[in-house]
Amino acid sequence: MGETSLYPILPTFEKHALVNSMQYQEMYARSLRDPKNFWGGQADKLTWFKRYDEILTGGFKNLDAVWFPGGKLNACYNCLDRHLAAKGNQAALIWEGDSPDESKTITYHALYQEVCQLANALKKLHIKKGDAVAIYMPMIPEAVAAMLACARIGAVHTVVFGGFSSDALLMRMKETKCQVVITANAGMRGGKVIPLKHHVDEALEKETSVHHVIVVKRTEHVVAWQENRDHWYHEMIATESMQCPCDMMDSQDALFVLYTSGSTGKPKGILHTLAGYLVYVAVTYQYVFDYHENDIYWCTADMGWITGHSYTVYGPLCNGATTVIFEGVPHFPTPSRFWEIIDKHQVNVFYTAPTAIRALRREGDTWVTLTQRHSLRLLGSVGEPINPDVWEWYYRVVGDNRCPIVDTWWQTETGGILISPLPGATPLKPGSATRPFFGVVPEVVDDQGNAMPEGQMGKLVIKQPWPGMMQGIYGDRDRFVNDYFKAIPGCYFTGDDAKRDSDGYFWITGRNDDVIKVSGHRIGTGEIESAFIEHPAVSEVGVVAVPHAIKGESIYAFVTLKEHMLPSEKLKKELIQQVRHSIGAIATPDYIQWAEALPKTRSGKIMRRLLRKIANNDAAELGDTSTLADPQVINDLLSHRIAIL
Ligand code: PRX
């Protein structure tokens, strides 16, 4: 696993980084010895309207951990108002449009004014503290304004990735009982138009609690319009005051709900509450990305994912940084686009996903070396394991051997980064997320919760609460307890496999449940199966992941048709369309194998473990098949297996 190649701390970082290796060790030890005082010190970096009474009450034993109870604060105030005096004219956002001709800088002052106007407009639509607002937008500055306007008045935002279908949007809006959705007439990605407003209209044809749609006019495309329900964003805010008082929120008030996939059932609404989340993302942003005043920082993640929430919006803005948002895609108009943007905006810190790095590496070094990238100081990776050879390319070609890579491991549920190098403190090993962040106690265990010996694979758990941890699943306490705290009592169960090496470095290899990562997007196989089943021709289906050179993993489906239904190319297309319609293009299956029958236990349960082996052509590794109701099924499936490209 490349454990031998060690990249020492670069001299400039040893000197100038916020934390060196001695300091890391001292701070980490202190964060475990005395977590309350440690996090109290970190929490002082925020502005509180009223100081908290305690730092932490409760814990994993009774699943009642509450961070900073008694405190009053506001996330928008911490991201905007408090920076106005010193940084009013500094760029808060630099927006780069899909087309290289379009970009815009928005100062802290300008963003503050727009957020106040939008917050006032939301109030006029009767949105008040605790109400949910859906945000279904392209990567444009108004998306950030929408999140912060909600935070300002205590509304709970639920951002839905613009690549999700109208059905997926509908499910999320219904569950959170949204009254308002903020969208755009269209989004632009790689020169293509994404008809966002049209998707909202489709979703709202079904019954929902949504009374108002606020529409940003991103392009000149004409859209259907429903008087009294639909409002142009620019018209609404034009008449509003540029001042709006912040809600004095309690530490444990909800900040947002963000849906993510689990191994079974429909996606779950991960609930993050205010104080713990904000402290954690602010502090991890500062140390992991080694924040220095005037840094230009760019995270390529869409706002619809947790990375966009924590490290495009809340973490950087809480620190008063300048954060770049990019509407487009890495290949448009050419595979140089990322690197051109870095030069154009003089980006110092760049954070992206392995899938993007793999795709750009395939295009050849010249697209990179055509550009300067002198401004870069630090690189980051997130979302899936980064293959050591891809890591080396990123380090050598993109970073010119002078930028450390922070390979950050975390999840929607964790709120912020839990395992990552600190650039001035941690020698790097390609492919390892290295060491835990302050206050984080990971362990690799067996199924009974016993620590695994060094170097051996096991399940990754976290043994103590940290401030960024989710506070629940929206409306489903049982699922929260069962999914995360049942497998190993007293520990947070991550769902990832990992090992720890003799230097205490963590190597995280991927999920140990039925969640897959396609181009870094998290999708539940159960969700895809439900989408297939909606098609009238389908009787049963089993979905598994197979490796993919660029996407990391791709989707392989075994489909059994109902009696008298015949397989055909046309039907295959229909099924793909069905999945795209139910979830979105990110869940498009790459392989569909027609199956006479699926391997099942005698009690009728589909044996996905066997399907995985068949799809991956691991026939020799099938293991014990004695519990199968009909062992012949395996041979049939193997003989019709589709070769993986
Ligand atoms: O399997 C791990 C993988 O992504 C999962 C979490 O996905 P999501 O909630 O969408 O959040 C992604 C962005 C934080 C994890 O369970 N993962 C994330 N980062 C890494 C990773 N796997 C290996 N190395 C990483 N750096």
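Note that ligands are numbered from 1 as they come in the structure, with each ligand's atoms numbered from 1 the same way. For the numbers below, each heavy atom of this structure counts, side chains included, while hydrogens, waters and symmetry mates do not. Keep in mind that this is a model prediction, so the values were computed, not measured.
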Distance alone, cut at 3.5 Å: any donor-acceptor contact between the side chains of [X] and [Y]?
| X | Y | value |
| --- | --- | --- |
| Y351 | T408 | yes |
| Y474 | E175 | no |
| T284 | Y311 | yes |
| Y259 | T412 | no |

Within-shell test, A433 vs ligand 1, heavy atom, strictly < 4.0 Å: no
Non-hydrogen atom of P385 closer than 4.0 Å to ligand 1: yes
Contact (N/O only, under 3.5 Å) between R522 and ligand 1: yes
With atoms numbered from 1 as shown, which atoms in ligand 1 lie under 4.0 angstrom from a non-hydrogen atom of [X]?
| X | result |
| --- | --- |
| W410 | 6 (C), 14 (C), 15 (C), 18 (C), 19 (N) |
| V382 | 13 (C), 14 (C) |
| D496 | 1 (O), 2 (C), 15 (C), 16 (O) |

Heavy atom of the protein closest to [atom] (residue, atom name, distance):
| atom | result |
| --- | --- |
| atom 3 (C) of ligand 1 | G383 O, 3.4 Å |
| atom 12 (C) of ligand 1 | K517 NZ, 3.5 Å |
| atom 13 (C) of ligand 1 | T307 OG1, 3.4 Å |

Ring-ring centroid check F437 W410, cutoff 6.0 Å: no
Centroid-centroid distance, W298 to F338, less than 6.0 Å: yes
Candidate list Y291, F350, F289, test ring pair (Phe, Tyr, Trp, His ring centres under 6.0 Å), partner Y297, passing option: F289
